[in-house]
Colleague: 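Please see the structure below; I have some questions.
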Amino acid sequence: ANDARISELVASLEKTKSIPSPAIAPEVYGRWKLVHTNNANTASPIQRKAVDSSSFAIYQDIIFNSKNQLVVSQVVKFSDSAELKVDALASTSAYPLPELTERKGDGKI
């Protein structure tokens, strides 16, 4: 019942006016808490675990590091003093990583 209600709320939010280009908008920088997921097929091992257990707080941090690179981190807080954190450099049109090449074609296999 909760999954259905949450899906209704998400669908309603998705119909509202959004932030233009959210992947590069400053409004998305910061810490985001995962409050619900029902997607067990996600590529993220952290989010897959969250489907099975809500006993840990799970966050996504979108920040700039000391080299002014955009970093996305998946964080699981086990306690105030213990966490698991997986970091990745992000590449966007606003902050491209020079070592990545442009996609050729549509990306379909």
Colleague: Which heavy atom of Ile19 sits nearest a heavy atom of Ala25, and at what distance?
Modeller: CG2-CB, 3.4 Å
Colleague: Does Ser73 reach the main-chain N or O of Lys85 with its side chain, forming a donor-acceptor pair under 3.5 Å?
Modeller: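 Not at all, since once roles are kept as given, no pair shorter than 3.5 Å links the two residues.
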Colleague: Counting C-beta onward and ignoring hydrogens, is there a side-chain heavy-atom pair between Val72 and Gln60 closer than 4.5 Å?
Modeller: yes
Colleague: Under the rule for side-chain contact (heavy atoms from CB on, under 4.5 Å), what residues qualify as partners of Val10, not counting sequence neighbours?
Modeller: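 Partners of Val10 under the side-chain contact (heavy atoms from CB on, under 4.5 Å) test: Ile6, Glu14.
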Colleague: Looking at Asn65 and Lys67, what are the two nearest heavy atoms and their distance?
Modeller: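 Here Asn65 and Lys67 meet closest at OD1-N, 2.9 Å.
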Colleague: Indicate the atoms forming the closest heavy-atom contact of Trp32 with Glu27, along with that distance.
Modeller: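 So the minimum-distance heavy-atom pair works out to CZ2-O, 3.9 Å.
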Colleague: Find out whether Leu70 and Ile62 are in side-chain contact, i.e. whether some heavy atom of one side chain is under 4.5 Å from a heavy atom of the other.
Modeller: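 Sidechains of Ile62 and Leu70: in contact.
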Colleague: Are Val75 and Lys77 side-chain neighbours, meaning at least one heavy-atom pair lies under 4.5 Å?
Modeller: yes
Colleague: Holding to side-chain contact (heavy atoms from CB on, under 4.5 Å), I want the full list of residues that pass it with Glu8, two or more places apart in sequence or in another chain.
Modeller: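 Glu8 satisfies side-chain contact (heavy atoms from CB on, under 4.5 Å) with Arg5 only.
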Colleague: Scan residues 64-92 for pairs that pass ring pair (Phe, Tyr, Trp, His ring centres under 6.0 Å), counting only residues two or more places apart or in two chains.
Modeller: Tyr29-Phe64, Phe56-Phe78, Phe64-Tyr95
